[in-house]
Amino acid sequence: PVSVFRVDKSKGYIDLSKSRVNHDEAEACRVKFEKSKHVHLIITSLARKLETTPEELYKQFGWPLYKQYGHAYDAFKAAIADPEAVFGPFNLDPKTKEELVAIISHDLRPQRSKLRADIEVTCTEYQGIEAIRKALTAGEAVSTEETPIKIRLIAPPQYTMSTTSIDKAADLQLMEKAIEEVRKVIVEEGGSLKVVMGPKVVSENEEKELQDFMERAERENAEVAGDDDEDSADEY
């Protein structure tokens, strides 16, 4: 995005400045551009299927949706839940409406994000292992049908809590609640909890790094166990 800072009418020149655009203006422009790209891809895809032109579809419902919803992208998102409310006023023929809804549902349906938090849970009391198991089970019990939370061992005393989410803001709060539930139970049992990494959206690379670490730790534990077995056999 750029801003106009000088106009020379006599020469027909317009001077533009990129540096005079603040961060908020630039971000708003970027979001609008990305939305417009999505809309145009949907319109052109529909035009190919119907053997018509994008211009005809923009005239039929595209431009009116921009006026009604502020942006056609927002109208398309609303149509995922209620297509009739969005497209009903345009009296689209059944084939056009069916194809349009199918394309929108495929292209704009929210993608699930992977959420993760890492915690350390310890308890040196007599019931240590059972206390930790009880606390972790309490954390998983915070799960909902839409957002199941799983807690896995990384390497003692570290555990990873994970889920997949469409509503990231709400589900990050749900994971915070699960952590507090684990903390509540383990403290009651005489143990403690430390948050190593708070709930966040993680990338595929971060997940792969964690999986590689867990597999490596499992192999090392297996090797140590094998050495112990050999030492025990030598004693006899």
Expected output: side-chain Asp82 to main-chain Ala85 donor-acceptor under 3.5 Å: yes

Main-chain N/O of Leu41 paired to Ser45 side chain as donor or acceptor, under 3.5 Å: no

Test item: side-chain donor near acceptor, His40 and Tyr73, under 3.5 Å: no

Ile42/Leu108 under side-chain contact (heavy atoms from CB on, under 4.5 Å): CA gap, chis, key distance, verdict: CA-CA 10 Å; Ile42 289 169; Leu108 298 186; 3.9 Å; yes

Hydrophobic cluster identity match, Phe61 and Ile103, side-chain contacts under 4.5 Å: yes

Ile186 vs Ser192 side-chain heavy atoms within contact, under 4.5 Å: no

Short side-chain to backbone donor-acceptor contact, Thr160 and Asp118, under 3.5 Å: no

Non-hydrogen atoms of Ala138 and Val185 that approach each other most closely: CB-CG2, 3.7 Å

Hydrophobic cluster identity match, Leu115 and Ile119, side-chain contacts under 4.5 Å: yes

Linked, directly or transitively: Phe90 and Val39 (ILVMFWY side chains, under 4.5 Å): yes

Glu206 side chain vs Ser203 backbone, donor-acceptor pair below 3.5 Å: yes

Check: Tyr159 and Glu120 side chains under 4.5 Å, non-hydrogen atoms: no

Smallest separation among heavy atoms of Gln158 and Leu153, with atom names: O-CD1, 3.5 Å

Reported CG-to-CG distance for the pair Leu50 and Leu100, which is rounded to 0.5 angstrom: 9.0 Å

Distance-only side-chain donor-acceptor flag, Thr147 / Ser165, under 3.5 Å: no

Straight-line distance of Asp93 CG to Glu99 CD, nearest 0.5 Å: 10.0 Å

Residues Lys208, Asp212: salt bridge by 4.0 Å N-O rule: yes

Ring geometry between Trp63 and Tyr58 (parallel below 30°, tilted from 30 to 60°, perpendicular above 60°): parallel

Side chain proximity check, Glu140 to Lys150, heavy atoms < 4.5 angstrom: yes

Ile179 and Pro199, any side-chain heavy atoms less than 4.5 Å apart: yes

Donor-acceptor contact below 3.5 Å, side chain Arg112 vs main chain Thr164: yes

Met197-Ile154 co-clustered via ILVMFWY side chain contacts under 4.5 Å: no

